[in-house]
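Comments concern the structure below.
Predicted model only: the values in this text are computed from it and were never measured. FYI, the numbering just counts along the sequence from 1. We count ligands from 1, going down the list as the structure has it; atoms in each ligand are counted the same way.
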Amino acid sequence: MNYDDNNIFAKILKGEIPCKKIYEDNFILSFYDISPKKKIHALVIPKGKYTDLDHFSSNASAEEIVGLIKGINTVAKKLGISVDTGKGYRALSNISEHGGQEVPHLHFHLFGGEKIGKMVE
Ligand code: AMP
């Protein structure tokens with residue numbers, strides 16, 4: 001799939017629409033999901049133009065890959081849900097059609113603050 005420059009997360013990255021920012025560095029932006037499914041529901045997105053995790057894994061630089069994985073940990077710590085600051089969380093990325101992905105810019109959902117429950121309905 002070609003990257004759509006006008007997807008909602010691209011617009012957030014460009015500052016065209018607002019978000020409730022949690023954390024930002026050279027590689028990632030993290031903000032609260034607009035429609036939280038759990039007590040804590042954050043999103044972590046890379047700054048690069050990647051549609052999904054497969055696109056990212058195949059094309060991103062090693063630096064970008066490290067930046068995203070480390071960024072998830074940084075955000076989890078900041079939210080007090082990481083293993084060392086809290087009780088853990090679930091990181092989830094929906095990929096394309098069968099994964100149920102709605103926004104075509106790679107993102108990880110971080111669910112925490114309570115037991116997350118069943119892995120898949
Ligand atoms: P997915 O189905 O994995 O693509 O998830 C997309 C997520 O983006 C959903 O959980 C939405 O609630 C969330 N979302 C959509 N628009 C916004 C927005 N403007 N700000 C924050 N989260 C959003």
Original post:
Considering only heavy atoms, does Phe31 approach ligand 1 within less than 4.0 Å through its side chain, its backbone, both, or neither?
Top reply: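 It is the side chain that touches ligand 1; the backbone stays farther off.
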
Original post:
Does any non-hydrogen side-chain atom of His109 lie less than 4.5 Å from one of Asn94?
Top reply: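 Asn94 reaches His109 side chain to side chain.
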
**OP:** Could you tell me whether the side chain of Val75 reaches within less than 4.5 Å of the side chain of Ile28, counting heavy atoms only?
**Re:** yes

Subject >> ligand 1 contacted by His107 (non-hydrogen, < 4.0 Å) >> reply: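 Distance cut 4.0 Å: His107 passes for ligand 1.
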
Original post:
Going by heavy atoms, is Gly100 under 4.0 Å from ligand 1?
Top reply: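 A heavy atom of Gly100 does come that close to ligand 1.
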
Original post:
Would the number of heavy atoms belonging to other residues, nucleotides or ligands and lying under 6.0 Å from NZ of Lys47 be above 12?
Top reply: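 More than 12 within 6.0 Å, yes.
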
Original post:
With a cut-off of 6.0 Å (strictly less than), are more than 12 heavy atoms of other residues, nucleotides or ligands near CG of Asn2?
Top reply: no

Original post:
Mind checking whether Ile72 and Phe27 sit in one hydrophobic cluster, side chains of I, L, V, M, F, W, Y counted as touching below 4.5 Å?
Top reply: yes

Subject >> Identity of the nearest option to atom 11 (C) of ligand 1, non-hydrogen atoms only, from Asp33, Ile95, Leu92, Asp52 >> reply: Asp33

Is there at least one pair of N or O atoms, one from [X] and one from ligand 1, spaced under 3.5 Å apart?
{"X": "Glu102", "value": "yes"}
{"X": "Ile17", "value": "no"}
{"X": "His41", "value": "no"}

Original post:
For the atom pair CG (Leu79) and OH (Tyr32), what is the distance rounded to the nearest 0.5 Å?
Top reply: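 Taking CG in Leu79 and OH in Tyr32, the distance rounds to 5.0 Å.
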
**OP:** Please identify which atoms of ligand 1 are closer than 4.0 Å to at least one heavy atom of Phe9.
**Re:** 8 (O), 23 (C)

